Amino acid sequence: MNERIDPFTVKKVEYLLNGYIALKVPGYVRSDVRLIYQIEDNCLILTEERPSNKTESWDRTDIVQFRWEENLWYVYARQEAESWQRVKEIAPNPCFEEQLEQVEIDPAGIFWTG
């Protein structure tokens, strides 16, 4: 059974992600691109949104999934359609900030390709 992320860790991760997003997406481009995240149970998904060419809504592209399992953060990349695959190049780590840093560095060119 997957364990839920405890409330203290959720607050810490939200604080880190809000700071990361503020630096990653400067104010002057936020009408063209934004990063959002969703936390549910033991899973956090970071998503990029861009204005749709067809409607007034935003198109969403999932960037990365972090899973909290056995007191470690695992990193997953989006595969076809709805599946996720664990990124073997990023070892599980108890520190979310270090995992986020590895995603930002993106040594294998998996996350920030567009």
Side-chain angles (χ1 to χ4, degrees):
M1 179 174 141
N2 292 327
E3 57 199 277
R4 290 180 144 266
I5 304 169
D6 67 89
F8 177 78
T9 301
V10 168
K11 290 292 182 195
K12 182 178 177 183
V13 165
E14 288 175 337
Y15 178 79
L16 289 167
L17 279 171
N18 290 337
Y20 172 76
I21 289 168
L23 290 173
K24 183 83 173 165
V25 185
Y28 65 90
V29 298
R30 290 187 188 146
S31 62
D32 296 321
V33 63
R34 61 188 180 197
L35 289 178
I36 62 167
Y37 59 88
Q38 177 180 336
I39 301 173
E40 189 172 311
D41 296 328
N42 74 324
C43 187
L44 182 155
I45 298 174
L46 183 63
T47 301
E48 178 184 86
E49 293 186 328
R50 292 182 181 266
S52 173
N53 292 331
K54 300 173 185 157
T55 66
E56 292 185 22
S57 65
W58 291 70
D59 292 331
R60 300 175 64 136
T61 304
D62 293 333
I63 303 295
V64 61
Q65 183 184 85
F66 300 92
R67 292 186 196 168
W68 179 246
E69 299 173 343
E70 302 167 355
N71 295 316
L72 295 170
W73 288 102
Y74 290 77
V75 178
Y76 289 76
R78 175 65 86 186
Q79 298 301 307
E80 300 172 18
E82 295 297 316
S83 69
W84 292 92
Q85 183 171 343
R86 190 162 88 72
V87 177
K88 306 276 191 244
E89 294 85 355
I90 302 176
N93 189 318
C95 179
F96 178 80
E97 189 171 11
E98 290 180 20
Q99 296 300 69
L100 182 60
E101 183 177 340
Q102 287 302 305
V103 169
E104 174 62 21
I105 294 168
D106 196 10
I110 297 169
F111 305 105
W112 307 109
T113 58

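Computed from a predicted structure; not experimentally measured. Index from 1, following the sequence.
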Could you check if a side-chain atom of Leu35 sits within less than 4.5 angstrom of a side-chain atom of Glu48, using non-hydrogen atoms only? yes
Within a strict 4.5 Å, meaning less than it, do heavy atoms of the Ile39 and Glu14 side chains meet? yes
Test of understanding: clusters of I, L, V, M, F, W, Y form through side-chain heavy atoms closer than 4.5 Å, transitively. Do Leu72 and Val87 belong to the same one? no
Side chain Arg34, main chain Val25, donor-acceptor under 3.5 Å: no
Flag side-chain contact, heavy atom, 4.5 Å: Val10 against Arg4: no
Same apolar cluster (I L V M F W Y, side chains within < 4.5 Å links), Tyr15/Phe8: no
Shortest non-hydrogen contact from Glu69 to Tyr76? OE1-OH, 3.9 Å
Exercise: identify the closest heavy-atom pair between Ala22 and Arg30: O-NH2, 3.3 Å
Flag if over 12 foreign heavy atoms under 6.0 Å of CD, Glu70: no
Value for CD1 (Ile110) from CD1 (Ile63), rounded to nearest 0.5 Å, stands at 12.5 Å
Compile the donor-acceptor pairs under 3.5 Å between side chains in residues 91-101 and protein atoms, sequence neighbours left out, one pair per line.
from, atom 1, to, atom 2, distance (Å)
Asn93, OD1, Cys95, N, 2.7
Asn93, ND2, Glu98, OE1, 2.8
Gln99, NE2, Trp73, O, 2.9
Gln99, NE2, Ala91, O, 3.1

With side chains defined as the heavy atoms from C-beta onward, is the minimum distance between Asn18 and Tyr37 less than 4.5 Å? yes
Using the rule that Ile, Leu, Val, Met, Phe, Trp and Tyr join whenever any side-chain heavy atoms are under 4.5 Å apart, tell me whether Leu16 and Val64 fall into a single cluster. yes
Show the nearest heavy-atom pair for residues Ile90 and Phe111, with the distance to one decimal. CD1-CE1, 4.1 Å
So which heavy atom on Asp59 is nearest to which on Asn53, and how close? OD2-N, 4.4 Å
Please step through side chain to side chain contact (heavy atoms under 4.5 Å, CB included) for the pair Ile36 and Arg60, ending with a clear verdict. CA-CA 10 Å; Ile36 62 167; Arg60 300 175 64 136; 3.3 Å; yes
Do Leu46 and Val103 share a hydrophobic cluster, counting only Ile, Leu, Val, Met, Phe, Trp and Tyr and linking them when any side-chain heavy atoms are less than 4.5 Å apart? yes
Any side-chain heavy-atom pair of Val13 and Phe66 under 4.5 Å: no
Side chains of Leu44 and Leu17, heavy atoms from C-beta outward: is any pair under 4.5 Å? yes
Which atom of Ser83 lies closest to which atom of Arg78, heavy atoms considered: O-CD, 3.5 Å
Tyr74 and Arg86 have their tightest heavy-atom pair at CD2-CD, 3.4 Å
Any non-hydrogen side-chain atom of Trp58 less than 4.5 Å from a side-chain atom of Thr47? no
When rounded to the nearest 0.5 angstrom, what is the spacing between CG in Asn42 and CZ in Arg67? 7.5 Å
